[in-house]
Structures are given as C-alpha cells and as structure tokens.
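Here is the structure we will look at, set down as structure tokens.
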Amino acid sequence: MADIDYATLKKGGFMRQKQKGYFSLRLQVTGGHLTAQNIRTIAEVADEFGKGYVHMTSRQGVEIPYIHIDDIEKVKERLAKGGVRPGVCGPRVRTVTACQGGAICPADVSIRLLWQRSSTTIISAGSFPISSNSASPAVRTIV
C-alpha cells in the first residue's frame with residue numbers, strides 16, 4: 001500500500017479511514033436530491049462493498065464507509081450505472097444544500113418571487129444594469 005496516492009483518492013471523494021486499507025466514499029448529492037434509483041444503487045453498493053452502512057451528512061450528503069482499496073474501481077463503476085457519482089473532499093467547493101422546493105415545502109421561498117422582487121429593486125435603483133431579456137437563459141426561464 002506504499003504506492004497509493006491518497007491525495008488523488010481524497011480529491012475523488014475517498015477519505016481514508018482509521019482501518020487500514022478502507023475508505024469512506026463521499027457521494028455527489030446536489031441540494032439533497034436523489035432519485036429512488038440513486039438510493040437503491042447506493043444501498044446495493046453499501047451492502048456489497050461497505051458492510052451495509054450509509055452515512056447521511058449534515059450537508060445533505062451521503063457517504064459509504066468501509067470501501068476497501070481493492071474495490072474502489074468496482075464501486076465507481078456500479079455507482080455510475082445507477083446515476084451516482086463520487087463527490088469531492090478537501091479544500092473544494094462544497095455541495096449546495098437546499099429546501100425540497102415549493103411543490104412540497106410550505107416554507108419554500110419561491111425563487112421566481114425572490115428574483116422579481118430583488119431585480120425590481122436593484123434595477124430600479126440603477127445599480128445593476130440587467131433586465132430579464134439580457135439575463136442568461138437559465139435566469140430567463142424562472143422570470
């Protein structure tokens with residue numbers, strides 16, 4: 001195990017555990033959203049390669065501990081088939097956390113309403129020269 005590049009593994013979501021040869025895999029979960037198929041895939045991988053454990057993080061993330069170094073490539077392949085990707089670790093941009101959205105959550109702040117209120121205030125003050133026509137296509141779809 002002397003030739004293992006731990007820094008590269010960490011950048012790819014694999015964090016070393018205190019148990020020699022084992023890693024906890026951080027998965028990419030944007031805004032806490034996973035499909036049922038994603039969850040089934042994560043559970044299957046955890047059962048087969050991670051002693052059946054899954055850790056839900058405070059940042060709406062998911063980690064699978066007890067992945068052995070010899071199984072890393074197999075784990076990545078199996079996760080990819082289920083639409084799940086490894087996350088990142090270390091000094092990197094963290095995942096975005098989010099509410100479930102207005103279709104489900106009664107406390108949701110509608111991004112459309114927020115955009116309309118803030119853009120009207122900012123644009124009318126003349127401090128931010130943008131209109132809904134000059135905004136990016138992603139922004140225009142919510143206005």
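Since we're looking at a predicted model, the values are computed, not measured.
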For a quick test of your reading: what N or O donor-acceptor pairs under 3.5 Å do the side chains of residues 41-49 make, sequence neighbours left out?
residue : atom : partner : partner atom : Å
Thr41   : OG1  : Gln37   : O            : 3.0
Thr41   : OG1  : Gln37   : NE2          : 3.1
Glu48   : OE1  : Arg78   : NH1          : 2.4
Glu48   : OE1  : Arg78   : NH2          : 3.4

- request: Would you give the length of the straight line joining atom OG of Ser24 to atom NZ of Lys18, rounded to the nearest 0.5 angstrom?
  value: 13.5 Å

message: Quick one: does any side-chain atom of Asp5 pair with a main-chain N or O of Thr8 as donor and acceptor, under 3.5 Å?
response: yes

- line: Residues at least two apart in sequence or cross-chain that pass ring pair (Phe, Tyr, Trp, His ring centres under 6.0 Å) with Tyr66, listed by chain then number, are Tyr53

query: Which residues pass the side chain to side chain donor-acceptor pair (under 3.5 Å) test with Glu77, sequence neighbours left out?
result: none

- prompt: Is there a side-chain contact (heavy atoms from CB on, under 4.5 Å) between Leu9 and Ile4 once you walk through the steps?
  reply: CA-CA 9 Å; Leu9 285 171; Ile4 297 171; 3.6 Å; yes

- line: Sorted by chain and residue number, the side chain to side chain donor-acceptor pair (under 3.5 Å) partners of Thr35 (sequence neighbours excluded) come out as Asn38

- request: Only counting residues at least two apart or in another chain, list the ones meeting side-chain contact (heavy atoms from CB on, under 4.5 Å) with Asp70.
  value: His68

- request: Evaluate side-chain contact (heavy atoms from CB on, under 4.5 Å) for Ile72 paired with Phe14, printing each intermediate quantity in order.
  value: CA-CA 9 Å; Ile72 287 177; Phe14 290 90; 3.6 Å; yes

statement: Scanning both residues in full, the closest heavy-atom pair of Pro86 with Gly12 reads CB-O, 3.2 Å

statement: CG of Leu79 to NZ of Lys74, rounded to nearest 0.5 Å, is 13.5 Å

field: Arg16 NZ/CZ over Tyr22 ring centroid, <6.0 Å and within 45° of normal
entry: no

Spatial distance of atom CD1 (Ile67) from atom CD (Gln17) [nearest 0.5 Å]: 8.5 Å

query: Partners of Lys51 by salt bridge (Lys or Arg N to Asp or Glu O under 4.0 Å), sequence neighbours excluded?
result: none

- prompt: Can you list the residues that meet the side chain to side chain donor-acceptor pair (under 3.5 Å) rule with Arg85, with sequence neighbours excluded?
  reply: Gln28

task: Hey, could you give me the NZ/NZ distance between Lys76 and Lys81, rounded to the nearest 0.5 Å?
output: 14.5 Å

message: Between Met15 and Val84, is there shared hydrophobic-cluster membership here, with clusters defined by ILVMFWY side-chain heavy atoms closer than 4.5 Å?
response: no

